[in-house]
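Numbering of residues begins at 1 and proceeds along the displayed sequence.
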Amino acid sequence: MFVLSSCSKDAPLEQEVERTNTWTVDERFQYHFKSQLYATKIGNKLAMIGPYGYTNLKSDSSMSQGSEISRYALYFTPSINVKLPISERYFVGANMKDDKVLFVNSDYPVSTGLSFSLDMRTIDPTFQELLFVHSHFGESMAINDKNQTLMAYRSADENNYPIMKLLLVDVDAGDEEPSNFSWMKINNSKVIDLDRESHYGMDMITTTGDNFLVSSHSKTLHVSSDGVYKEVLDKALVRTFSDKDILYGFGRNGDFYQSSDRGNSWRKAYDVERLLSDVTFSHVGDQLVGYRYGQIWKFDFNESGYEAEELVNDGLVGNLITSLNEFDGKIYITTLSGVYHKPIEQFFEVKPNEEK
């Protein structure tokens, strides 16, 4: 059973029990670099975006911390409320009211020619603003394995009435080696017009294989890599996650759904606690884990139910976790007030029952 009790695990620090198995502060992240908004493992790197820049940790056993750190300036202003995707080749920068969407090489973010600014008004003169979801519920754009980015935006119809559209962008991120210089460019972009009566906002956007899932307040759509969409659920999903080849989704209406065909069709699953939709899910190896505020659980979902066990979070109490990644033999956690890590062999220690 999954329980979020009012007896908070985010209790004051003086109530914590001393242990040796605590999360260690990464001292390389000091002052304004303590705040990291989101992070993703890409290849042999851990890429992070914070209010003051882009950081790459690269695995290097010769370093005292076990990884090399590089920091770069950003050409956009990240928001604490918006999480944008980072892929192995590029990441995206954007602001809601801005007409520009920036695509930046993930390895060489400040190199000349390895970023591209897409003018939304050139694509669609009726563009009004980009549509974002709150970072608590996931990313506001999605990048698939074909280096395609899908985003949602608000446009205007012939009567200047706001309508929702999607834009699918094929990105050429340039050569992987800067010595073989090539410009980043957009190979193609496609505006996807939606039924204006049925789709008027965005609750979720994510990838499923080479394709995408989008929720538009009232329905959930499957969008293929060629820009063709179809309705796959007559309800909106606000969050999805996968476990053991099954895709699960939390409905805006509080129901819990599952799909065994990568989101092409959905059926209602069993009842779950409503607060479970507040958990952000990730994987450590094959193990599904989730976090909410400063708490972490490991989960096991199956066809008829699920189990959850809370993990030791000493040292994280009072922090807001923004990402959890396995990297360089450790689990790295970013928060708004520090970056933490723990050896992977200590990560799955379950919290004693008397503390739950």
Side-chain angles (χ1 to χ4, degrees), residues 38 40 82-87 91-92 94 101 130-154 163-171 189-269 272 276-283 288 290 299 301:
Y38 48 100
T40 304
V82 176
K83 185 182 295 185
L84 294 171
I86 307 172
S87 75
F91 62 90
V92 185
V101 177
L130 293 165
L131 294 178
F132 294 148
V133 299
H134 194 281
S135 56
H136 176 74
F137 289 101
E139 296 175 345
S140 289
M141 299 181 188
I143 301 174
N144 67 6
D145 292 336
K146 294 184 174 182
N147 291 326
Q148 294 178 301
T149 300
L150 185 68
M151 64 190 77
Y153 68 96
R154 185 167 286 114
I163 56 176
M164 175 184 172
K165 294 181 181 179
L166 302 176
L167 179 65
L168 182 64
V169 183
D170 292 323
V171 179
S189 62
K190 179 178 182 179
V191 174
I192 303 172
D193 293 307
L194 302 177
D195 177 2
R196 64 185 64 184
E197 300 298 325
S198 302
H199 311 293
Y200 48 88
M202 186 172 70
D203 283 313
M204 180 199 71
I205 187 166
T206 189
T207 56
T208 172
D210 288 337
N211 305 309
F212 304 89
L213 290 173
V214 180
S215 286
S216 59
H217 285 354
S218 59
K219 302 177 187 298
T220 300
L221 308 176
H222 181 282
V223 183
S224 66
S225 59
D226 60 4
V228 176
Y229 78 90
K230 63 179 179 180
E231 179 186 320
V232 291
L233 183 65
D234 62 353
K235 302 289 190 299
L237 297 176
V238 297
R239 190 195 296 278
T240 63
F241 67 94
S242 62
D243 191 39
K244 302 178 183 68
D245 296 323
I246 301 294
L247 192 59
Y248 297 93
F250 298 96
R252 203 168 193 247
N253 59 356
D255 289 334
F256 187 52
Y257 299 90
Q258 63 185 59
S259 170
S260 57
D261 56 6
R262 295 192 172 187
N264 280 282
S265 63
W266 294 83
R267 65 181 179 85
K268 187 176 177 181
V272 298
L276 194 62
S277 65
D278 279 339
V279 174
T280 299
F281 292 89
S282 183
H283 280 91
L288 180 69
F299 290 92
F301 282 81

Using side-chain heavy atoms (C-beta onward) and a distance below 4.5 Å, is [X] in contact with [Y]?
X	Y	answer
L247	L213	yes
H136	R239	yes
K230	S224	no
F299	D243	no
T206	F212	no
D195	Y200	no
Y38	L84	yes

Sub-3.5 Å donor-acceptor pair from the side chain of [X] to the main-chain atoms of [Y], do we have one?
X	Y	value
N144	N211	no
Q148	L168	no
S260	I246	no

- Query: Checking salt bridge (Lys or Arg N to Asp or Glu O under 4.0 Å) for the pair K235/D255: CA distance, chi angles, key distance, verdict?
  - Reply: CA-CA 9 Å; K235 302 289 190 299; D255 289 334; over 6 Å; no
- Look at atom CG of N253 and say whether more than 12 heavy atoms of other residues, nucleotides or ligands are closer to it than 6.0 Å. yes
- Item | Pair L150-L166, side-chain contact (heavy atoms from CB on, under 4.5 Å): steps then yes or no | CA-CA 7 Å; L150 185 68; L166 302 176; 4.1 Å; yes
[atom1]/[X] to [atom2]/[Y] distance, rounded to the nearest 0.5 angstrom?
X	Y	atom1	atom2	result
Q258	W266	CD	CH2	9.0 Å
L233	S215	CG	OG	7.5 Å
S216	H199	OG	NE2	4.5 Å
K268	F256	NZ	CZ	12.0 Å
R154	K165	CZ	NZ	13.0 Å
K146	D210	NZ	CG	4.5 Å

Which atom pair, heavy atoms only, marks the closest approach of [X] to [Y]?
X	Y	result
V133	M202	CG1-O, 3.5 Å
L167	Y153	CB-CE2, 4.0 Å
V279	G290	CG1-CA, 3.6 Å
R262	T208	O-OG1, 2.6 Å
S265	S259	O-OG, 2.8 Å
A236	D203	CB-OD2, 3.6 Å

- Task: Verify the distance criterion only: is there a donor paired with an acceptor across the side chains of S198 and K219 at less than 3.5 Å?
- Result: no
- May I ask you to decide if the ring planes of F281 and F250 are parallel, tilted or perpendicular, using 30° and 60° as cut-offs? parallel
- Item | Derivation of the side-chain contact (heavy atoms from CB on, under 4.5 Å) call for I192 and V223 | CA-CA 9 Å; I192 303 172; V223 183; 3.9 Å; yes
- Message: Please evaluate residues V232 and L221 with respect to the criterion side-chain contact (heavy atoms from CB on, under 4.5 Å), reporting the C-alpha separation (whole Å), side-chain torsions for both, the decisive distance (0.1 Å), and the verdict.
- Response: CA-CA 6 Å; V232 291; L221 308 176; 5.9 Å; no
- Candidate pair M141 and F132, rule side-chain contact (heavy atoms from CB on, under 4.5 Å), full reasoning: CA-CA 8 Å; M141 299 181 188; F132 294 148; 4.1 Å; yes
